[in-house]
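Below, read A as the first sequence line, B as the second, and so on, with proteins coming before strands; counting in each chain starts at 1.
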Amino acid sequence: MEKQYIELYKANHELIKEHAAPITNVSRDDAMAKFERLGFPTTKHEDYLYTNLKPIFSADYGLNFKRLDFPVDPYKTFQCDVPEIHGYQYFVVNDGFYPPKENANGNLPEGVIICGLKEASERYPELVAQYYGKLTSQKEDALIAFNEAFAQDGFFMYVPQNVQMDKPVQLINIMRSDVDLMANSRNLIIIERGAKAQLLVCEHAMDDLHFVANRVSEVFVAENAIYEDYKLENTHSKTFNFATVLIDQQESSDTLTNLITLNNGLTRNNIEIAMNGEDCKTELCGMMVGGNEQQIDNQTMILHNKPNSLSDELFKYILDDKAKGAFTGRIFVEKDAQKTLAYQLNRNILLSKTAKVRSRPQLEIYADDVKCSHGATTGHIDEQALFYMRSRGISLEEARLLLMYAFTADVIDNIRIPTLADRMKFLVEQRLRGELGMHDGCSLCMH
Amino acid sequence: MLEIKNLHASVNGKEILKGLSLTVKPGETHAIMGPNGSGKSTLASVIVGNPVFEVTKGTIHFEGKDLMELEPEERANEGVFLSFQYPVEIPGVSMVNFLRTAINEQRKYKELPAMTASDFLRYMREKKALIDMDNQLTNRSVNEGFSGGEKKKNEIFQMAMLEPKLAILDETDSGLDIDALRVVAHGVNKLKTPENSTVLITHYQRLLEYIVPDFVHVLHDGKIVKSGGKELALELEAKGYDWLR
């Protein structure tokens, strides 16, 4: 299985490099060597017990090394008509950044840079070189190495010191192709000291084809900075989405990561948040409403490396039919990370006998003055509550909906952009009613 | 209004009701008394269609309709209401959302248009004032963190909102101190009209000092063994249930 990619790289590495920025080429051969050494993890690997990569990566996909023209103009196809949500809007089509029309976003706050990673590497080489690969190079992870070998472009955001973004940034990842396609994109996000940014990532697939996306993001959040990262996936059953997000937090920084999956095929989120300074705060949460054969696997790691930090983690799944969910919540508290507060909760509702969920809290605590808690529950809809509601005239269907909706409420409440929270409530309700289509537009933007 | 004939019902294969018959006419208040385990709560649950209980024999008609043919929500929308002995907590579902859904489901059933948000809030304010319901309770999730007394009061508040034709109050007095009991009974009396009927299920005579029944029935081992006027309750209080065995 690995062989076809190793050979593909051998045959095309010059072409790949030719169409990529020099900074991103430096580690490319080493990354491929690392991938060759590691190989794809099998389901015997502890981190991949519930996600089988083999059938996904064994198939044939097109890869666009030559950077052929974009097969779509997203600005024409995607009309966002909820201006208060979309903020500064950008598109990555497959694995390439699609440059916005001039003035499409008005003026960004002073000093803020948002562009493609390739463009950033060429125009701001010193800035990019300072950060690119800093987090990934330490990882022994085949998918990250694979991404580093093949990724040529992606999304770049730089928010300089003390700049508070006035509007959220929306990044729309679109899969669009005429053949089954694989996209490896690479994102680099730098939030400097005292700055603040909110990023909303939307995942979409336009064609009824098989898509594999392997996206890796490195995020640097400096002292006193605030960074919020929302991801909404509304793709289709043939989309296999791998997203690795590595976040480096410095002293007194605050991050929020909220991952919401409504329609998809298989999604694997690898989230690692390292609190490398004191007094950090991180909230990590997610939710999945899954039916048919949808699969979600959230693999999370929170590292308390310094004292006095708080982490709060919450994941909730509602699974029907043959949907499968997995959650691994690792929390690592370093020896001198005293006064750590770490909370973790995973709650799941299974609506059918064939839906499955695996929950694994894994806490490793080496400090002695900490408060850590974790919990995992999996169950069915509360029959007593259902009957109580029915006895008040509420139909079975509506009562189930109210209960499921209530179940997801605390994840949605953890969205700090009010207009986005309202829109998300609407989308979740639609999804619970089975009325949310996997339309080819941006579901956040459609009425 | 309510006509129960020869009702047999069981739970997990164990027969609890063993041939119960009861007729309630519009405007009447009936009290059903009896010792623990006599089947009082089972009767209430069966009337509103709790799926835990299985009716093996007999009929229940409400305004001429066969209740056994109706789902719990349909029974509710026909005008049958149960004040639960143990009201259920529903975290995450706000009282407002819960009641608005219930009201609008009832209106849909009656082929009436949904109530607008502002009409609903006005309606809710009226009913809150009527039974003296605390504002902060309606801002919370359904029954979540409510005290025993608050839960019972919330049942009566829901009854006020839904305006049922037949209200069954299952041990509404249990767990209430005398002040809370008075408040709850007062609410029930305020909601009484010449048309609607009430069935009080209670262990003690105490509640009947506040809500005066027209008829008292004694339930024993799944059957009504004695019926009479309100004076029967006093007799029971004095002599105990053993007197009837």
Response to the item:
If one checks every heavy atom of B:Asn143 against chain A at 4.5 Å, the contacting part turns out to be side chain

Worksheet item: For residues B:Asp170 and B:Tyr86, is any side-chain donor paired with an opposing acceptor at under 3.5 Å?
Response: no

Item to complete: Determine the option with the most heavy-atom pairs under 4.5 angstrom with chain A, choosing from B:Arg75, B:Gln106, B:Gln158.
Response: B:Gln158

Discussion item. If you count heavy-atom pairs within less than 4.5 Å of chain A, which of B:Asn97, B:Thr101, B:Val80, B:Leu99 leads?
Written reply: B:Thr101

Discussion item. Looking at chain A, which one of B:Val52, B:Leu162, B:Asn50 has the largest number of heavy-atom pairs inside 4.5 Å, strictly under?
Written reply: B:Asn50

Discussion item. Here's one to test your reading of the geometry: is the NZ or CZ of A:Lys316 within 45 degrees of the ring axis of A:Phe407 and under 6.0 Å from its centre?
Written reply: yes

Item to complete: Consider only side-chain N and O atoms of A:Tyr227 and A:Gln198, and report whether a donor and an acceptor are under 3.5 Å apart.
Response: no

Fill in: Whether A:Gln295 side chain and A:Gly265 backbone form a donor-acceptor pair below 3.5 Å
no

Worksheet item: Top residue by heavy-atom pair count (under 4.5 Å) with chain A, among B:Ser141, B:Pro164, B:Ala102?
Response: B:Ala102

Fill in: B:Pro91, part contacting chain A, at a heavy-atom distance under 4.5 Å
backbone

Discussion item. Exactly one of A:Leu319, A:Ile296, A:Ile318 should register a side-chain contact (heavy atoms from CB on, under 4.5 Å) with A:Val357. Which one does?
Written reply: A:Leu319

